[in-house]
Structures are given as C-alpha cells and as structure tokens.
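Reminder, nothing fancy here: chain letters follow the sequence lines and each chain counts from 1. This structure is a prediction, so every number in the text was calculated from the model and none was measured. Side chains are part of it too, since the values below use all heavy atoms of this structure and drop only hydrogens, waters and symmetry mates.
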Number of protein chains: 2
Amino acid sequence: MARKTPTKPRKNASQARSRATVDALVEATARILVREGFEKASTNRIAEVAGVSVGSLYQYFPSKEALVAAVIERHNEEIMGLVRSALAEVADLPIDKAVRKLVTVAIEAHRINPKLHRVLAEQIPRTGQLKDVEAFNREVHALVRTYLESRRKEMRKVDPGLATFICVSTIEAVAHNTVLNQAEMLTEKTVRTLVEETTRMVVGYLR
Amino acid sequence: MARKTPTKPRKNASQARSRATVDALVEATARILVREGFEKASTNRIAEVAGVSVGSLYQYFPSKEALVAAVIERHNEEIMGLVRSALAEVADLPIDKAVRKLVTVAIEAHRINPKLHRVLAEQIPRTGQLKDVEAFNREVHALVRTYLESRRKEMRKVDPGLATFICVSTIEAVAHNTVLNQAEMLTEKTVRTLVEETTRMVVGYLR
DNA sequence: AGGAAAAGCGAGTGAATGCTCGCATTATAG
DNA sequence: CTATAATGCGAGCATTCACTCGCTTTTCCT
C-alpha cells in the first residue's frame, strides 16, 4: 500500500530507472542549451534528446522552467564547490597568495563549461531563478568579506563591504571576459600572465 | 514617378508620417521591454502600444528581431556618444584624472536606462546583434588603448593590450554591478566613494 | 504467479504569436 | 480634381509549443 493518492501528480523519483530518467532530462536540457540555443529547447525536443517521452518529462518536472532551473542549480553547485573549497584553503594565507588563488579559481570556474555559463547567465532572469543566483552571490561576498576582515592588519583602512564589492566584481569580470571573449584560444602562459596582473591590481588596491 | 517597384517591400520611410511611425514602433518596443519584459513584446502588442497596426509594423521592420535590434542600436549609440566624448575630453589629462573621468562616465552610461540595459544585455545573443556589440566593445578597447599608449611615460612597463583589457573589464564591471545590484538606492556620496576607490585601484595598477 | 504501483508513452489540444494579404485611407503630383 | 503612390489597417493563416490524458509496460512484493 502506498502513501497518498496512487497517481502521484509529479516530482520524486524512487526507483533507479526514474532517477536515470531525471538525470537524462537535465543532461539533455543542458546539451540543447549549449548546442542549439534556448529557443530550440522545447519540451518535446528535450524529451527526444533524453530518449524519453514528453509525458515522462512532465512526471518529474512541472514545467519547462523547472528543467532549466535544475540545470542552473547543478551548474551553480559545481561552481560554488570550487569557490568554497578555495576560500577554505586560503583562509590562513596572506593576501597576495589568497588573491592569486581566488583569481585562478574564478577562471577555472568559468572554464568548466563556458557556453553553458553564458546561456544560463542569459536565461536566469526568465526562470525566476534570480533569487537563487543572488543568494549564491551573497554567499561569495560574505565568504570573501570574512576573509578580508581576518586580514585587516595587512591592509590599509578600507570599508570592508566596499572593498569586497570591488574585488569580487573585478575578479569575476576578468574571469568572465577572459573565458567568453578570448574563446578557447587560451594558452597556459596567457592565463598565468593574466592571473599575475589581476592579482597585482587587487593586492595593490588592498594594501 | 517613383523609383523601383510601386510596392516597396519594406524599410525606408520617406514621408514625415512614416518616420513618426518608425519612431513610435522603436519607442514602444523599448517601453515594453522595460515595463513588461521580453516575452510580452509580441509584434501585436508592440503595434498596439505604438498606436499602429501590425501590418504597418511589417512595412518597416522585416521581423520582430529587427525591431529589437533597432532598440539595441539606439541604446548603444547613446552610450558610445558618452564614451567617445569622454575619451576626447580626457586625451590630454594625466592618468589619474583620466581614469576618474572614465569611471564616472561608465556609471553614468549605465544609469541612462538601467532596466533597458539589463533586458538588452540578455537579449543580444538572440538577436544576432552580437557582432555589432562586439564591434562596439572593440571600439572602446581601441580608444582606451590609444590613450594608454600616449601616456606610457607615466606608467610602468605593461603590455598595453593586457592593461586595456583589465582596466576596461574592471571599470565596466564595477559600473554594471553598482547600477544593477544596488538598485536605485545610490546616493551621490556612495557613487563618489566608489569612483574614488575604483580610480585608486586602476591608477595604482597602471603605475 | 499475480496484482498493484511506478514509470513510461505519444497523439492530441488549446493557446500564443509571427507574419501575410487584400483592402482602406491619406498624401502628392500633374 | 484625379490618378497614382505611399502609408496604414487588422482579420486570419500557419506554425510552434507547453502541457494533458488515457493507455501500456516494467518493477516490486508476496
């Protein structure tokens, strides 16, 4: 005997098969977004690419939006993982070492899947995921700010909130533009130079 | 006697009335994008808001995309006007004065119409306007780079291309995030502090 | 084995929307 | 004033697409 009504309206995957279906759907959505663009990502096409029927799609996702949201969440978790562990790793290092690490990680994070990152950035406002992404942003700011405050001795007198804002904006922008504009023609040497220069700028600013 | 076929397929407005129609359409598109969002910007709705019929719309714009492109172009011209004149004004000034001015102008440019700026930024890839926006970006880079090269004496040894990239990215990001995140609660004092801090960072980096 | 629940199916529905086309109205030229 | 071009109109066509529903197949449990 099962809980609730026999026809569960939606969500929840209990058997292994259905979990695979859910994964396939999310994966297919991501692939289509990257390879064919947002407009081609119709529910029918997603189901087709996932090797699943539309009906099944709607058993796990109440709407197309929910699918895109799932992709966004997966991608954000991936990035936040990198950022969190970088900041933990860096907690006891002096400012210059820490900034260098953070710049490096920012670029790495953007390189995970640049095209997906781009498409998602464009689609976030549409999915009502703005709130979640803002939360994600606030977490980054809070973590960086905490670090900066713990290193006040090495720094000149600055408003920590303002300094965090400027540093995070700068690092994020350099990483973003580097990966998205300069396409895939990024030699290791170029990246290293860029990291050095950005680090120099930020560190110079902080002390 | 007129040139060409009597039924001109599209484009071109010769009489005053039709120029007004074109303007109304572009203006209506911008208003809808800002006030109701991209998805509400159907051709029927645009025509309605412009006080014009769909048929007339299609006499001047071959597609919905073309309309959005026109809005983008108008907005970009507005911004480029600011940027060009700022860079001209700044050509003979030392680095610190110049950077301060550029940061100020960047924030001003973003404040022209923040909501429109946001919506357009999201929609650009969809309209095939990417190329035009890249051109616009390249112009900014070229102008800044020329300035920086003319001031080499005041600077440490840096690759001018790299320095331009980092400076433009930074200034753009700070302006962007300031206007888009901090909403409209921007006191003049906050803005001034931000300009000072950003200027300090960039100038410190350059020399 | 057999029954029930879970998972899967896909043709079909209804609504939205980009765009066309034949006609009406307004402006211009002779 | 009249003919012709320019501009404007808006009902409706064609298409796309999110989503539903009745049904079949697979899995689980005893």
**Nearest-Å distance for atom pair CZ/C1', residues A/Arg19 and C/dA6** = 13 Å
**Request:** Round to a whole Å and report the spacing from OH of A/Tyr60 to P of C/dC9.
**Result:** 10 Å
**Request:** Please report how far the helix from C/dA1-D/dT30 to C/dG30-D/dC1 bends, comparing the axis fitted to its first five pairs with the axis fitted to its last five, to the nearest 10 degrees.
**Result:** 10°
**Message:** Any carboxylate oxygen within less than 4.0 angstrom of a Lys/Arg side-chain nitrogen, looking at A/Arg45 and A/Glu48?
**Reply:** yes
**Asked** A/Val52 side chain: which of C/dC9, C/dG8, C/dC19 is closest?
**Response** C/dC9
**Request:** Specify the residue among A/Arg17 and B/Thr43 whose closest nucleotide of DNA chain C lies further upstream toward the 5′ end.
**Result:** A/Arg17
**Asked** Within the pair A/Ser63 and D/dA18, is there a side-chain N or O less than 4.0 Å away from OP1 or OP2?
**Response** no
**Between P of C/dT20 and CG of B/Asn44, the distance in whole Å** = 13 Å
**Asked** With the threshold set at 4.0 Å, does a side-chain nitrogen-carboxylate oxygen contact exist between B/Glu149 and B/Arg145?
**Response** yes
**Phosphate contact (C/dG10 OP1 or OP2) by A/Tyr58 side-chain N/O below 4.0 Å** = no
**Prompt:** Whole Å only: how far is the CD atom of A/Glu39 from the P atom of C/dA16?
**Reply:** 21 Å
**Prompt:** What closest approach, in Å, do B/Val105 and B/Ala86 show between heavy atoms, and which atom pair accounts for it?
**Reply:** CG2-CB, 3.6 Å
**Request:** Kindly say if B/Ser53 contacts the phosphate of D/dC9, meaning a side-chain N or O under 4.0 Å from OP1 or OP2.
**Result:** yes
**Prompt:** Quick one: A/Arg45 CZ to C/dG10 C1', roughly how many Å, whole number?
**Reply:** 17 Å
**Message:** Heavy atoms only, 4.0 Å cut-off, all strands: where does B/Glu48 land among base, sugar-phosphate and nothing?
**Reply:** nothing
**Message:** Minimum heavy-atom separation for A/Lys64 and A/Ala41, please, with both atom names.
**Reply:** CE-O, 3.0 Å
**Message:** Without decimals, in angstroms, what is the distance between A/Gln59 CD and D/dA18 C1'?
**Reply:** 16 Å
**Message:** Below 30° counts as parallel, above 60° as perpendicular, anything between as tilted: where do the rings of B/His141 and B/Phe165 land?
**Reply:** tilted
**Request:** For residues A/Val99 and A/Leu206, report the shortest heavy-atom separation together with the two atoms involved.
**Result:** CG2-CD1, 4.5 Å
**Request:** Nearest whole angstrom, please: distance from the C1' of C/dG8 to the CG of A/Leu25.
**Result:** 11 Å
**Asked** Are A/Glu196 and A/Arg100 close enough for a salt bridge, meaning some N to O gap below 4.0 Å?
**Response** yes
**Message:** Using whole Å, what does the distance between atom P of nucleotide D/dC17 and atom CG of A/Leu57 come to?
**Reply:** 15 Å
**Item:** side-chain N/O A/Ser56 vs C/dA7 OP1/OP2, d < 4.0 Å
**Value:** no
**Asked** B/Val54 or A/Gly55: which one's nearest nucleotide on DNA chain D is closer to the 5' end?
**Response** B/Val54
**Request:** Answer yes or no: does a side-chain N or O of B/Ser42 lie under 4.0 Å from OP1 or OP2 of C/dA16?
**Result:** no
